[in-house]
Asks: 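Below is a structure I'd like to ask you about.
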Amino acid sequence: MEIRSIRGMNDILPEDSILWKQVRDTMHYVLGSYGFREILIPVLEETRLFQRGIGETTDIVEKEMYTFEDKSGQSLTLRPEATASIVRAYVQHHLYASGKVEKLYFWGPMFRYERPQKGRYRQFYQIDVEAFGSNDPTLDTDIIASLYDFLTTLNVPGVTIEINSLGCPNCRPAYHKALKAYFSDKIDKLCPDCKSRLVRNPLRILDCKVETCHELALKAPNIHEFLCDTCKNHFQGVQSYLEDLHIPTRLNPMMVRGLDYYVQTTFEAVSENLGAQNAVAGGGRYDGLVKQLGGPDIPGIGYAMGMERLIMILQDIRKEPLSWPCDLFIATLGDKARRYGITLASKIRKEGKVCEFSYEPKSLKALMKLANRLNARFTAIIGEDELQRKEIVLRNMATREQTTLPVDDTLTEKITGLLDG
RNA sequence: GUGGGUGUGGCUCAGUUGGUUAGAGCACUGGGUUGUGGCCCCAGAGGUCAAGGGUUCGAGUCCCUUCACUCACCCCA
């Protein structure tokens, strides 16, 4: 019986993984330029980390976590997101003691038990970016800029950064109250989901896609009329700095993030060509989270980017698929040639070239086909005839030009020279 | 959790009102070219038609059940 991968968990095969590699290379390069440093965190955490960090009443915690008991009876959870873990690590290792703004990034799989669809899987990969230790709008700006930079470096088309401010524990309660008052009158026009949202988290009604709810939401009280002076000034700072950097943003007062820890600045990067799941990245400020998870009262801000969604966009705009590189294919005919060829391959690789080898004995015609399939730029042909004459043939696969090279001490050097030339 | 769509060689799909040996293109292997790839020509290999049950003289085709994939809702990256 054939064993298949389980639902919502996909293999990423080499023809696709080359693009993933390109994205990760760009990640290291762009985030590195902002001074972000990489952190690696475990896949498993204590369940209560997410309960406390993400919020007990969020969908993620209520119904989407992979939670189980280990052999000691402890409740563990496969991480559904990275922020809680990174905050935990930040607190656990006292990274706040360094006296600087700590800027961290991470790349890895996350797990949520949901029905899979386009751009949403049970094991999915996120790039996660977090910064701790400042509430200054310049940090919000740098964080958003790093996201924008990253996407534009990858040539992602049609990116908009939507931003909003959710206020803080000082001003949000008044807004909650106003929203509740507004929607309570119209409770019979709300969808069933929004009726329960009204009690639990009225902010979420603003995000509802049901048309009647959406229409009501358009006329609902605006968060920006309720922001306290601190939050108002903070948000104005962020907006004006982003303008200075020429980052295209769109204010979206209806944007509400789905995790409980967000305060003040929130943002999303949206792309047109994604279908229903159109957010490539999302994040915001979480000034109370470090304290809530047992650390000092240190502010933080960050975002998460969906790798699969990003890859989807990049595949859409790419005409020809990327392929893994191959500088040289060594085609050998006969045992003596194979013996010589395998050591030559080793020497070429030490020069930093990608070199493939004819492991299976085949006809030259078959070997040439193989070279073609490997996408080899050059093929070295080593046969009994050539070896007897102490030479090999180097063929440029694109131009079909062939050069005969003598087998001597300078051979490796000559080959790499031709590969570069 | 709810709804829609789809399951036929490795891949993309045809397959007529049910009718006897289930097809094509691409990919693969070999040959045409005894040691030279992409194009062309020829040949070959590869299928319990998702699984199980039912109707029928006869089922890839009709009915039922299950499973898988997929899109959307919900939610999120």
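Letters A, B, ... mirror the listed sequences (proteins, then strands); counts begin at 1. The analysis underlying the following values was restricted to heavy atoms, covering all of them including side chains, and did not include hydrogens, waters or symmetry mates.
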Asks: Suppose you measure atom C1' in B/G32 against the same atom in B/G10; what distance do you get, rounded to whole Å?
Replies: 26 Å

Asks: Mind checking if A/Asp385 touches a base, just sugar-phosphate, or nothing, with heavy atoms under 4.0 Å?
Replies: base

Asks: Should B/G38 form a Watson-Crick or G-U wobble pair with both distances under 3.5 Å, which nucleotide is its partner?
Replies: none

Asks: Could you check whether A/Tyr121 gets within reach of a base, just the sugar-phosphate, or nothing at all, counting any heavy atom under 4.0 Å?
Replies: base

Asks: Between B/C26 and B/A14, how many Å separate the two C1' atoms, rounded to a whole number?
Replies: 14 Å

Asks: For A/Asn10 and A/Leu370, find the nucleotide of RNA chain B closest to each by heavy atoms; which residue's nucleotide sits nearer the 5' end?
Replies: A/Leu370

Asks: If only side-chain N and O atoms of A/Gln117 are considered, is one of them under 4.0 Å from the OP1 or OP2 phosphate oxygen of B/C73?
Replies: yes

Asks: Can you find a side chain N or O atom of A/Arg373 that sits less than 4.0 Å from OP1 or OP2 on B/G37?
Replies: no

Asks: Once you apply a heavy-atom cut-off of 4.0 Å, does A/Arg395 come out as touching a base, just sugar-phosphate, or nothing?
Replies: base

Asks: Determine the contact category for A/Ala281: base if any of its heavy atoms lies under 4.0 Å from a base atom, sugar-phosphate if only primed atoms, P, OP1 or OP2 are that close, otherwise nothing.
Replies: sugar-phosphate

Asks: Can you figure out which of B/U2, B/A77, B/G37 approaches the side chain of A/Arg115 most closely?
Replies: B/U2

Asks: Quick one: look up who B/U61 pairs with, Watson-Crick or G-U, both distances under 3.5 Å, and put none if it's unpaired.
Replies: none

Asks: With rounding to whole Å, what would you report as the distance between B/A51 and B/U61 at their P atoms?
Replies: 11 Å

Asks: In whole angstrom, give the distance that lies between atom CG of A/Asn375 and atom C1' of B/G38.
Replies: 12 Å

Asks: Cation over ring, A/Lys186 on A/Tyr182, under 6.0 Å and within 45°?
Replies: yes

Asks: Should the ring pair A/Phe226 and A/Tyr175 be called parallel, tilted or perpendicular, given that the plane angle runs from 0 to 90° and is split at 30 and 60?
Replies: tilted

Asks: Check the pair A/Asp335, A/Arg339 against salt bridge (charged side-chain N to carboxylate O under 4.0 Å, His left out), reporting the backbone distance first and the verdict last.
Replies: CA-CA 6 Å; A/Asp335 290 342; A/Arg339 184 166 186 182; over 6 Å; no

Asks: Roughly how many Å apart are B/C49 and B/U6, using the C1' atom of each and rounding to a whole number?
Replies: 14 Å

Asks: Are side-chain heavy atoms of A/Tyr261 and A/Val87 found at a separation under 4.5 Å?
Replies: no

Asks: Please classify the nucleic acid contact of A/Arg112 as base, sugar-phosphate, or nothing, using heavy-atom distances under 4.0 Å.
Replies: base

Asks: Which whole number of Å gives the distance between the C1' atom of B/G7 and that of B/G15?
Replies: 15 Å

Asks: Give a yes/no on whether any side-chain N or O of A/Arg120 is located under 4.0 angstrom from OP1 or OP2 of B/C71.
Replies: no

Asks: Considering every strand and a 4.0 Å limit on heavy-atom distances, what is the contact class for A/Gln402: base, sugar-phosphate, or nothing?
Replies: base

Asks: Show the numbers, then the answer: is there a side chain to side chain donor-acceptor pair (under 3.5 Å) between A/Asp136 and A/Ser134?
Replies: CA-CA 5 Å; A/Asp136 195 85; A/Ser134 174; 5.5 Å; no

Asks: Using a distance-only criterion (donor-acceptor N/O pair, under 3.5 Å, no hydrogens), is the base of B/G35 paired with the side chain of A/Glu386?
Replies: yes

Asks: By nearest heavy atom, map A/Tyr125 and A/Lys63 onto RNA chain B; which one lands nearer the 5' end?
Replies: A/Lys63

Asks: Mind checking A/Ile127 for me? I need base, sugar-phosphate or nothing, with any heavy atom below 4.0 Å counting as a touch.
Replies: nothing

Asks: Side chains of A/Pro221 and A/Leu179: closer than 4.5 Å at any heavy-atom pair?
Replies: yes

Asks: Using the C1' atom as the point on both nucleotides, what is the distance between B/U48 and B/U29, in whole Å?
Replies: 25 Å

Asks: Respond yes when some side-chain nitrogen or oxygen of A/Arg204 is under 4.0 Å from OP1 or OP2 of B/C76, and no when none is.
Replies: yes

